[in-house]
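See structure below.
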Number of protein chains: 2
Amino acid sequence: MTASGRPANSTHKAAIRQENEAQILAAAERVFADYGFKGATTARIAEVANVPKANVHYYFATKEALYRRVIENVCSQWLEAAMTFENTANPATILRGYIEAKMDLSRSNPYGSRVWAHEIVRGAKFSSDYISTTVKDWLDGRVRIIRRWIAEGKMDDVEPYSLMYMIFATTQHYADFSSQIEIFNDNQPLSDAQFADAKENVVRIILRGVGLI
Amino acid sequence: MTASGRPANSTHKAAIRQENEAQILAAAERVFADYGFKGATTARIAEVANVPKANVHYYFATKEALYRRVIENVCSQWLEAAMTFENTANPATILRGYIEAKMDLSRSNPYGSRVWAHEIVRGAKFSSDYISTTVKDWLDGRVRIIRRWIAEGKMDDVEPYSLMYMIFATTQHYADFSSQIEIFNDNQPLSDAQFADAKENVVRIILRGVGLI
DNA sequence: ATTTATCTTGACCGTTTGGTCAGGTTAAAA
DNA sequence: TTTTAACCTGACCAAACGGTCAAGATAAAT
């Protein structure tokens with residue numbers, strides 16, 4: 001019988017699986033953000049996810065497999081922000097859009113950014129393949145675009161890699177070092193207005209810094 | 001008898017203590033940089049320091065005490081760089097000196113920077129007192145100086161905190177994310193020439209970005 | 001020469017860790 | 001209704017963990 005209880009067909013079990021995996025992944029992202037790979041414990045992840053520890057291992061064979069899935073999710077979020085570099089507007093608009101997208105991502109998803117920070121600070125042991133292929137290809141493409149802008153006299157002759165590293169560092173700083181920023185801000189998280197102001201200042205300094213304003 | 005073997009007076013034991021403590025602290029800095037507080041193990045620190053694990057606990061009662069000592073060392077290094085903000089030269093010279101000092105520190109002592117990164121990413125549990133007193137006082141002082149420069153029309157009207165965060169983020173990025181930068185740089189650490197070039201670009205973009213060039 | 005204080009370390013301990021598993025429940029398929 | 005496949009979990013395990021300790025080695029003080 002396909003028309004009785006709540007679920008129409010055989011998607012109920014699949015829905016349970018999807019929901020539990022999502023719940024565990026969300027918990028893992030938070031715990032990995034706080035402690036990094038080695039410092040995080042499966043017991044704590046289970047506690048945050050509100051499931052027995054054995055259930056975590058039912059859905060994810062090992063702690064490492066779970067960690068890899070979290071890293072994959074973080075990367076795919078990053079690729080979304082990267083897309084804002086693709087449109088054909090003028091350099092100032094493109095750079096502004098990218099910086100704002102990255103800062104918004106840091107604010108809406110601070111856990112992912114912090115997981116990434118832990119991962120790279122520790123030496124990128126699990127993500128070096130991804131960085132040396134997908135991310136490097138993307139970055140080299142953007143560097144070529146910037147070099148073209150420079151050749152066309154649209155902006156100052158700055159080293160594109162230095163510029164991109166500056167954008168990476170500054171935008172992610174607001175997520176990765178939020179605890180420090182919060183202390184400086186009289187123990188209050190940045191308000192929406194403060195964050196919008198910070199965003200505008202970052203965009204202004206960088207655009208003016210490379211001669212686009 | 002004070003004139004027999006190698007050591008002159010009763011400083012021999014003290015020298016042993018000092019040397020062993022330094023060796024263990026150096027090893028701890030490296031291991032904490034790689035794994036953070038929770039992820040690091042005293043066994044690994046002992047292995048890197050080339051002493052038995054029990055000896056680590058002879059000189060430092062607990063892992064936490066050892067960690068606090070490492071954090072203190074990192075902070076005192078940071079204060080040295082902070083001093084370059086004190087001289088009475090013009091704004092461009094002061095900012096350039098500070099940025100260069102911080103980037104040089106990141107290069108000469110990448111482990112300390114990464115320990116700090118782990119500590120803050122995790123929520124500054126051990127260093128919040130230090131940040132909310134020493135560091136915050138220092139930062140607020142620099143913010144006042146920058147506001148004065150702005151009021152005197154020496155530079156653009158930018159939010160000083162945003163500027164300082166940008167400097168923190170960018171300069172430390174070269175230490176904290178060095179594994180990522182290395183991958184982007186064809187799996188080679190930045191050469192001295194590349195690093196000098198990066199430093200010059202960071203200084204240029206920021207100084208121009210706030211209207212000091 | 002003897003005492004005393006510090007340094008050194010292998011062996012050990014209770015706890016926490018990632019991971020397993022048997023036995024149960026639930027729901028889709030036959 | 002029965003069978004089957006997926007989901008669930010308390011109890012358990014070997015390994016790794018931070019930390020302890022007794023007993024020995026070394027060197028300063030008496």
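Quick note on labels: first sequence line is chain A, next is B, and so on, each numbered from 1. What you see is a predicted model; the values in this text were computed from it and never measured.
- Following rounding to the nearest Å, B:Gln18 (CD) and C:dC7 (C1') show an atom-to-atom distance of 16 Å.
- Under 4.0 Å is where a charged nitrogen must lie from a carboxylate oxygen, and between B:Arg142 and B:Glu86 at least one such pair does.
- In the set C:dT17, C:dG18, D:dC8, C:dG18 carries the atom at the smallest distance from any side-chain atom of A:Lys53.
- Set against C:dG18, D:dA6, C:dC7, the side chain of B:Asn20 has C:dC7 as its closest nucleotide.
- Outside the 6.0 Å centre-distance limit, the rings of B:Tyr161 and A:Phe184 are not counted as a close aromatic pair.
- In this structure, A:Glu47 places its CD atom 15 Å from P of D:dT9, rounding to the nearest Å.
- Checking D:dG18, D:dC8, C:dG18 against the side-chain heavy atoms of B:Thr41 singles out D:dG18 as nearest.
- Taking only side-chain nitrogens and oxygens, A:Arg17 comes nearer than 4.0 Å to OP1 or OP2 of D:dC7.
- For B:Gln23 and C:dT8, the CD to P distance is 10 Å, given to the nearest whole Å.
- Toward the 5' end of DNA chain C, the nearer of the two residues B:Tyr58 and A:Lys38, judged by each one's closest nucleotide, is B:Tyr58.
- Figure legend: cation-pi geometry between A:Arg107 and A:Phe195, with NZ or CZ positioned under 6.0 Å from the six-membered ring centre and within 45° of its axis.
- At a threshold of 4.0 angstrom between heavy atoms, the contacts of B:Ala46 with the nucleic acid are absent.
- Distance A:Asn55 CG to D:dC7 C1': 7 Å, rounded to the nearest Å.
- In this structure, B:Ile24 atom CD1 and D:dG18 atom C1' are separated by 15 Å, rounded to whole Å.
- Nearest nucleotide to the B:Ala54 side chain, out of C:dG18, C:dG19, C:dG10: C:dG10.
- A salt bridge links A:Asp140 with A:Lys136; the closest basic N to acidic carboxylate O contact falls under 4.0 Å.
- Proximity note for A:Pro52 (side chain, C-beta onward) versus C:dG18, D:dG19, D:dG10: the nearest is D:dG10.
- Side-chain N/O atoms of A:Gln194 and A:Asn185 include a donor and acceptor closer than 3.5 Å.
- Contact annotation for A:Phe60: no contact, since no heavy-atom pair falls under 4.0 Å across all strands.
- In this entry the distance linking CD1 of A:Ile45 with P of C:dG19 reads 10 Å, nearest Å.
- With distances taken from any side-chain atom of B:Lys63 to the nucleotides D:dG18, C:dG19, D:dG10, the minimum falls on D:dG18.
- For the pair B:Tyr59 OH and C:dT9 P, the interatomic distance rounds to 10 Å; values are reported in whole Å.
- A straight line from NE2 of A:His57 to P of C:dT17 spans 12 Å, rounded to a whole angstrom.
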